[in-house]
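These notes are about the structure you will find just below.
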Amino acid sequence: PDKAPMPTGDRDGRAHEAREIEFFADYYGKEQYSPHGWTTRLRREARSLLREAGGPLGRVLSIGCGDGEFELMLAPHA
């Protein structure tokens with residue numbers, strides 16, 4: 001895909017935000033997103049993280065992106 005550089009004169013990011021909205025409208029409009037595939041990926045990543053940790057995770061910092069599905073997968077192992 002064509003990657004446009006961040007505009008230098010656009011201090012508030014409106015042009016960047018417009019491109020981002022256009023990208024996701026196209027992405028979801030083409031139904032390229034697969035909820036089942038996403039959940040499968042998160043499960044695989046959770047297993048990998050738990051294997052590397054080798055024990056209870058303790059605290060996990062969530063940066064607030066997404067719906068919390070990954071954090072809920074990790075919660076029983078904290």
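Owing to the predicted nature of the structure, the values given are computational and were not obtained by experimental measurement.
Rounded to the nearest 0.5 angstrom, Leu42 CG and Glu71 CD are separated by 9.0 Å. For the atom pair CG of Asp67 and CG of Leu72, the computed distance is 8.0 Å after rounding to the nearest 0.5 Å. Once rounded to the nearest 0.5 Å, the distance linking CZ of Arg41 with CZ of Phe70 reads 9.0 Å. Separating the CE atom in Met73 from the CD atom in Glu69 is a distance of 4.0 Å, to the nearest 0.5 Å. Taking CG of Leu74 as the reference point, atom CD of Glu45 lies at 10.0 Å (rounded to 0.5 Å).
Contact check for Leu49 versus His77: no side-chain heavy atoms found under the 4.5 Å cut-off.
Using modelled atom types, no side-chain atom of Ser48 and backbone atom of Arg44 make a donor-acceptor pair closer than 3.5 Å.
Here the closest non-hydrogen pair linking Ala78 and Gly58 is CB-O, 3.2 Å.
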